[in-house]
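Whatever order the structure lists ligands and atoms in, that order sets their numbers, starting from 1.
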Amino acid sequence: MCGIFAYTGSKKAIPILVDGLTSLEYRGYDSAGIFTPADGVFKAVGPVVELRKLLPENANGTSGIAHTRWATHGAPTAENAHPHADQNEILYLVHNGIVENYKELKEELLKAGHTFKSQTDTEVLAHLLGVERGTASSMDEALESTLQKVRGTYGLAVIEKAAPSTIYAAAMGSPIAIGVGENEMCIGSDATAILRVTKQIIYLEDGEFAKITPQNYEIKTLDRKITTRAPEEIEWDADTIKKNGFDHYMLKEIMEAPEVLENSARGRLLLTEGRANLGGLAEHEKELQNIKRLVIVACGSAYYAGVYGKYLIEEYAGIPVEVAIGSEFRYRAHIPEEGAALLAISQSGETADTLASIKEAKRRGILARGIVNVVGSTIARETDLGVYKHAGPEVGVASTKAFLSQMEVLALLALYLGRQRHLSVERAIELGKAIAELPTQAAEILSKHEEVKVIAEKYKDVRDMLYIGRKYNFAGAYEGALKLKEVSYIHAEGYGAGEMKHGPIAMIDPLFPTLAIVPDDAVFEKTISNIEEIKARKGPVIAIATTGNTQIKELADDVLWIPKAIEPMAAILAIIPMQLLAYYVGVAKGYNVDRPRNLAKSVTVE
Ligand code: F6R
């Protein structure tokens, strides 16, 4: 998720571009850049205010392109910030999305003598377009041949120095719209920035590209057939657009689950071979092969993702895994062990307790790896090797989409480590296919969000709530309870379902509901017994179960259904209804679910 904005008209472009970029900052904010053919290129690390400091006051350009970045390839540096130029600097380009085959393309270009200033896939795209432009009779033709060579997703805007008032845009799996004004046009990755210029908008479909000049716009398909579409009027205000029409970032981010589950696995699953292709680990294959024991360190939700990962990695890769809370790890005696490795999990990449654990592990000579969302963050830099989650920025304080992507990346890691060891191709393919199905299954669950809302209304006034699950859903029970606590301030506890009889069942009465995660899996019957014990004490039960299971329908008071999936993937899917439930309960109680009291998004103090 990054932000694109481009403008062509008769007004001074730089103030308009800066204004548009500022409105897009919620999409990414680690670096930003602007190019206008008349004034040149400007790039800065950090939010748009940093870029603003570099911009000339007497800029004259009346057209330009701009970008605010959320790093995916390469750290957030000025070199990696967009716009990027081609080899001869005849054109500049800004891009959202991921060019999956950028390494192959870059190798060919390097062989042809190209030199690159950044580590980004976008610069490769710019160079390729520059090459094609050299032989094509028009930019349309060059774009067509370039984009046919690209695998992956893109939303982009391009400007040529030689034709400063014409800007091109293209979309494939990453949104792009054009704004149609009076003698001015613009391009934006969403309507927030376009709204600064005009309310008239046209969204590009995948596989379309557009050419804008101050007076005209033209939309074509990649095989250059002209399509005609009249602009629609933007009805929302800027804040609603940022939230994509949702009332809160939390709901928007929960609803992004299909996209996030797609992005975190994009280009990483080799389905027919039953392998995971994790770029950040490729160079360290030997060290990873030698791991005899893994210690996962993380805090909060990321810790629960680690607990889930323990079950997966032990089952699929046969590596013993210990999961430690970041704030505890440092204070324990560590028995030196050959073949031990540390895996830190962190959305922000800045959590102080997790960071301190990494430093401690490194001091003891242990290989430290990371699963991090924020590219170039401190934890990403401190770990020796790692995997990025590609979940996009998470604005809601309570982690939702980032947690799902952590679970998915752990599944990819289990596949990777498993295939280095004893995991059979058949089981690996089964796991790979199940991972690939997650986005569609997540969309199916989300389509029934209104049902969760009804249940939330029913339970919103309870004082306490218990969440139970076993095996792969053990961690989910804790995460579900944490989500409810954070946004509704209801006292909620997570428990292993089998632990009920060892104490917590004492609390059960008609006013103390339990949410039981009970999909069709190896521990289904056991969890059913636990639910029966609760029902015998008149405790209300909300179950999360596999669609079509009649037994649970009879037993539970309310059921939230998830599609059939293999055990570890059902555990990922089960998270989504719990996130929705927490959200709707928090909203029904009138709380600001995006900014729960006493909490910060990134905990940089110990
Ligand atoms: C819960 C939540 C926190 C974080 C924890 C670790 O919804 O967001 O528990 O998971 O503070 O943060 P990161 O993943 O940034 O290290």
task = Write out all pairs satisfying side-chain hydrogen bond (donor to acceptor under 3.5 Å, both in side chains) with one or both partners inside residues 563-583, taking only residues at least two apart or from two chains.
result = H248-Y583, K471-E567
ask   = By number and element, which atoms of ligand 1 are closer than 4.0 Å to a non-hydrogen atom of K483?
value = 1 (C), 7 (O)
Heavy-atom nearest neighbour in the protein, as seen from atom 6 (C) of ligand 1, with distance rounded to 0.1 Å = C299 O, 3.3 Å
ask   = Who's the nearest protein heavy-atom neighbour of atom 11 (O) of ligand 1, and how far?
value = V603 CG2, 4.0 Å
remark   = So the atoms of ligand 1 within less than 4.0 Å of a heavy atom of Q347 turn out to be 13 (P), 14 (O), 15 (O), 16 (O)
query = Under the ring pair (Phe, Tyr, Trp, His ring centres under 6.0 Å) test, which residues partner H82, sequence neighbours left out?
reply = H67, H84
query = Would one find an N or O of T354, backbone or side chain, under 3.5 Å from an N or O of ligand 1?
reply = no
key: Closest protein heavy atom (residue, atom, distance) for atom 12 (O) of ligand 1   = T351 OG1, 3.4 Å
remark   = Near G300 (heavy-atom distance under 4.0 Å), the atoms of ligand 1 are 9 (O)
CD (E283) with more than 12 external heavy atoms under 6.0 Å = no
ask   = Which ligand 1 atoms, with their elements, are less than 4.0 angstrom from a heavy-atom of E486?
value = 1 (C), 2 (C), 7 (O)
request  = Could you tell me the residue and atom name of the protein heavy atom closest to atom 10 (O) of ligand 1, and the distance to it rounded to 0.1 Å?
outcome  = S301 N, 3.2 Å
ask   = Are more than 12 heavy atoms from other residues, nucleotides or ligands located less than 6.0 Å from atom CZ of R463?
value = no
ask   = Counting each atom of ligand 1 from 1 as listed, which ones have a heavy atom of S348 under 4.0 Å away?
value = 13 (P), 15 (O), 16 (O)
request  = Kindly confirm or rule out a cation-pi arrangement of K252 over F246, judged by NZ or CZ under 6.0 Å from the six-membered ring centre and within 45° of its axis?
outcome  = no
message = Assess the residue pair E100 and R268 against the criterion (salt bridge (charged side-chain N to carboxylate O under 4.0 Å, His left out)); give the C-alpha distance rounded to whole Å, side-chain angles, the decisive distance to 0.1 Å, and a yes or no.
response = CA-CA 10 Å; E100 285 165 17; R268 290 173 162 178; over 6 Å; no
ask   = In ligand 1, which numbered atoms sit nearer than 4.0 Å to a non-hydrogen atom of S346?
value = 13 (P), 14 (O), 15 (O), 16 (O)
note = Counting heavy atoms under 4.0 Å, the part of E350 that contacts ligand 1 is neither
request  = Go through ligand 1 atom by atom and flag the ones less than 4.0 Å from a non-hydrogen atom of A302.
outcome  = 10 (O), 14 (O)
inquiry  = Checking side-chain contact (heavy atoms from CB on, under 4.5 Å) between Y472 and each of V307, I566, L312, D521, which is the one that passes?
reply    = L312
query = Do the side-chain N and O atoms of Q119 and N80 include a donor-acceptor pair separated by under 3.5 angstrom?
reply = yes
ask   = Is the closest basic N to carboxylate O distance between E382 and K362 below 4.0 Å?
value = yes
ask   = Should the proximity of V397 to ligand 1, defined as any heavy atom under 4.0 Å, be assigned to the side chain, the backbone, both, or neither?
value = backbone
